[in-house]
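Order of appearance sets the numbers: ligands from 1, and atoms from 1 within every ligand.
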Amino acid sequence: MIHDLHSHSTASDGVLSPQDLVARAALHGVDVLALTDHDELRGLVAAANAAVEHGIELVNGVEISVSWAGRTVHIVGLRVDPENPDLRDGLAVNRSGRMERASKMAHSLAGVGIPGTLEGARLLATNQELIGRSHFARYLVGKGYVKDVKTVFKKFLVRGKPGYVPHQWAGMAEAVAWIRRAGGVAVLAHPGRYEMGKEKLSLLMAEFKDVGGVGLEVVTGSHPPEMVPIFAAHAVHFGFYASVGSDFHAPGEGGRELGRLAPLPDRCRPIWEHW
Ligand code: AMP
Ligand code: MN
Ligand code: MN
Ligand code: MN
């Protein structure tokens, strides 16, 4: 059984509609797919219908943006009830700051001689409540300012670079509580991507566990394969279930393909055994 428990559609910053995403997952042999759009649930109904059509299982998911100790971290919720009011209201608040942030990002980019990025990003975003850095990145690539999306995230849109705007997202305990109230399980996404020292990362995992988090993404397209054994050990140490997901956004954008994931190390307990 191939599980891919982290992916994005046009409901956030992916480029495939929920239907096309599910079709592609089925084509790549995925048996169980979670759609985990950023701060958004609106793709789930269409994805669930498509999953029935393609004979695969769709897990209702979400990826919540969280501010923790001055950093942004991502918490994935799996098997959430998309109708739960606490989750829906919380996500709506998280989304509400994005347009103002996008204006500030555009202003910052204009300051280094790159005009028109707000309009550009808006045109690339299907969901106008969910304008994010990926839309800006694709616009910069499309206009020829930068050769690819990966390079954009080295030269722009990250701390210390043009286009970066600090932002206050939900708190970690808050986000985990929304997920739990919606009947879901909370997973700390791509732990290897956070630029923090070992001690701070351990503190993050300990606090996540404390507030009710149960899973750690051990295998992900968003941290390198060399980190799998490291986070497998952390999962065992902290008593987390291990999750697996491509974090797929777009064909040919440099991220991992749907379902193309290394197996979990034997010592990990897969999160789907907890369901
Ligand atoms: P936002 O929620 O608007 O801050 O955008 C975050 C999104 O930007 C992530 O979910 C990724 O899709 C994308 N992103 C962040 N860092 C990178 C990176 N180094 N390479 C490619 N995409 C990235
Ligand atoms: Mn994304
Ligand atoms: Mn993420
Ligand atoms: Mn993601």
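When atom types are taken as modelled, the side chain of D148 and the backbone of T151 share a donor-acceptor pair closer than 3.5 angstrom. Counting only distance, with no hydrogens or angles, the side chain of K209 and the backbone of V214 share no donor-acceptor pair below 3.5 Å.
With sequence neighbours excluded, the residues forming a side chain to side chain donor-acceptor pair (under 3.5 Å) with D4 are S246, listed by chain and number. With sequence neighbours excluded, no residue forms a side chain to side chain donor-acceptor pair (under 3.5 Å) with R180.
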Write none if no such pair exists; otherwise list each N/O atom of ligand 1 with its protein N/O partner under 3.5 Å and the distance.
from, atom 1, to, atom 2, distance (Å)
ligand 1, 2 (O), R98, NH1, 3.4
ligand 1, 2 (O), R98, NH2, 2.9
ligand 1, 3 (O), R98, NH1, 3.0
ligand 1, 3 (O), R101, NH1, 2.9
ligand 1, 3 (O), R101, NH2, 3.4
ligand 1, 3 (O), R133, N, 2.9
ligand 1, 4 (O), R101, NH2, 2.7
ligand 1, 4 (O), R133, NE, 2.8
ligand 1, 4 (O), R133, NH2, 3.3
ligand 1, 10 (O), H38, NE2, 2.8
ligand 1, 12 (O), D13, OD2, 3.1
ligand 1, 12 (O), S134, OG, 3.1
ligand 1, 12 (O), H249, NE2, 2.9

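Note: H8 and H249 meet the aromatic proximity criterion, with ring centroids under 6.0 Å apart. Taking the ring centroids of W169 and H167, they lie under the 6.0 Å cut-off. Here the two rings, on F156 and Y164, have centers that are 6.0 Å apart or farther.
Closest approach of L264 to W272, counting heavy atoms only: CD1-CH2, 4.1 Å. Annotation for P225 and P229: closest pair O-CD, 3.7 Å, computed over non-hydrogen atoms.
No other N/O/S atom of D13 lies as close to the Mn ion (ligand 2) as OD2 does. Note on H249: its N/O/S atom closest to the Mn ion (ligand 2) is NE2.
One finds a salt bridge joining R138 and E253 here, because a Lys/Arg side-chain nitrogen approaches an Asp/Glu carboxylate oxygen to under 4.0 Å.
Within the protein, the N, O or S atoms sitting under 2.8 Å from the Mn ion (ligand 3) are E63 OE2, H74 ND1, H190 NE2.
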